[in-house]
Amino acid sequence: MNKIIFILAGMFFVFVVATLVIGRTFFPDNIAETAPDGGAKGLKTRIYKTDLANAAKVVGETIPTLSSWGINWKLTETKIENDIAIIKAEVPVVFFTDDLEVSIKQLENGISLDVRSNSRIGKSDFGENRRHVAQILEALDKKIGER
């Protein structure tokens, strides 16, 4: 009986170590964000033909409708000052919470929208933050429409 427990504990240990090694190898960070050129993760800054107030309203309405692991995202803060809106949210990930921030800037003929998602703890996220950013961008593309 002790031999079986020892073997099972060893297998569990190997599984945990292998998971951590794979995570750090293929997902070496715990941040994902948009960039004008799409960056390394292919997440491109969005330009929409709308105004700042409308974009902030749509983002604020969209965030609580999105979910990860069966739990809806939680809108935590909306701040609009001058020509910039910052909207923050908490995104549940199993036992953890990731932070999401949407930054909207007024342009001459529309707005630019950037999204950043990061894990609160850990060094690797197994691509979860990239999925958060892609999920909200997809929803906003449908609701606002990409220029």
Side-chain angles (χ1 to χ4, degrees), residues 8-147:
L8 289 174
M11 289 173 54
F12 179 74
F13 178 76
V14 168
F15 171 76
V16 169
V17 170
T19 301
L20 293 173
V21 168
I22 290 168
R24 291 295 290 153
T25 302
F26 295 104
F27 306 100
D29 61 3
N30 63 358
I31 297 172
E33 56 191 337
T34 56
D37 66 352
K41 296 184 181 183
L43 302 169
K44 193 169 184 176
T45 297
R46 296 300 200 257
I47 305 293
Y48 297 115
K49 288 185 178 181
T50 188
D51 60 76
L52 183 70
N54 182 56
K57 178 182 177 234
V58 171
V59 171
E61 291 171 351
T62 301
I63 286 174
T65 67
L66 301 174
S67 66
S68 297
W69 302 90
I71 304 170
N72 285 10
W73 297 7
K74 181 181 174 188
L75 184 65
T76 58
E77 181 182 347
T78 300
K79 183 168 55 172
I80 301 174
E81 292 180 2
N82 301 322
D83 290 339
I84 298 174
I86 304 292
I87 299 148
K88 296 182 179 183
E90 293 179 345
V91 181
V93 181
V94 189
F95 303 109
F96 306 103
T97 300
D98 291 344
D99 293 314
L100 183 102
E101 181 176 293
V102 179
S103 175
I104 307 168
K105 295 177 186 168
Q106 185 69 53
L107 304 174
E108 247 181 65
N109 296 321
I111 57 104
S112 72
L113 185 139
D114 283 299
V115 182
R116 182 177 198 277
S117 180
N118 65 281
S119 303
R120 290 182 180 175
I121 61 171
K123 294 182 180 183
S124 176
D125 67 355
F126 293 94
E128 194 67 31
N129 285 299
R130 187 194 184 293
R131 286 188 286 277
H132 300 330
V133 174
Q135 185 176 359
I136 192 166
L137 289 176
E138 182 180 330
L140 294 174
D141 286 348
K142 289 178 184 172
K143 290 187 178 190
I144 301 175
E146 188 174 12
R147 179 162 84 169

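Side chains are part of it too, since the values below use all heavy atoms of this structure and drop only hydrogens, waters and symmetry mates.
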Do [X] and [Y] touch side chain to side chain, with heavy atoms closer than 4.5 Å?
{"X": "Val59", "Y": "Thr62", "value": "no"}
{"X": "Trp73", "Y": "His132", "value": "yes"}
{"X": "Pro36", "Y": "Thr45", "value": "yes"}
{"X": "Gln106", "Y": "Asp51", "value": "yes"}
{"X": "Arg46", "Y": "Thr34", "value": "no"}

For [X] and [Y], which heavy atoms make the closest approach, and how far apart are they?
{"X": "Arg130", "Y": "Gly42", "result": "NH2-O, 4.3 Å"}
{"X": "Leu66", "Y": "Ala139", "result": "CD2-CB, 4.0 Å"}
{"X": "Tyr48", "Y": "Leu137", "result": "OH-O, 4.1 Å"}
{"X": "Ser112", "Y": "Ile47", "result": "CB-CD1, 3.5 Å"}
{"X": "Asp83", "Y": "Leu52", "result": "C-CD2, 3.7 Å"}
{"X": "Pro92", "Y": "Ser68", "result": "O-CB, 3.3 Å"}

Under 3.5 Å: donor-acceptor pair, side chain of Glu81, backbone of Ile86: no
Determine yes or no for a side-chain-to-main-chain donor-acceptor pair under 3.5 angstrom, with Asn129 supplying the side chain and Asn30 the backbone. yes
Taking atom NZ of Lys57 as the centre, report whether more than 12 heavy atoms of other residues, nucleotides or ligands fall under 6.0 Å from it. no
Counting only heavy atoms from other residues, nucleotides and ligands, does the tally under 6.0 Å from CG of Asp37 exceed 12? yes
If we check side chain to side chain contact (heavy atoms under 4.5 Å, CB included) with Val102, which of these qualifies: Asp114, Val133, Val115? Val115
How many angstroms lie between [atom1] in [X] and [atom2] in [Y], if you round to the nearest 0.5 Å?
{"X": "Leu113", "Y": "Lys105", "atom1": "CG", "atom2": "NZ", "answer": "10.5 Å"}
{"X": "Glu90", "Y": "Leu75", "atom1": "CD", "atom2": "CG", "answer": "10.0 Å"}
{"X": "Asp141", "Y": "Ile136", "atom1": "CG", "atom2": "CD1", "answer": "10.5 Å"}
{"X": "Ser67", "Y": "Gln135", "atom1": "OG", "atom2": "CD", "answer": "6.5 Å"}
{"X": "Asn54", "Y": "Lys143", "atom1": "CG", "atom2": "NZ", "answer": "11.5 Å"}
{"X": "Glu61", "Y": "Ile63", "atom1": "CD", "atom2": "CD1", "answer": "11.0 Å"}

List the steps and the verdict of salt bridge (Lys or Arg N to Asp or Glu O under 4.0 Å) for Arg120 and Asp99. CA-CA 7 Å; Arg120 290 182 180 175; Asp99 293 314; 2.9 Å; yes
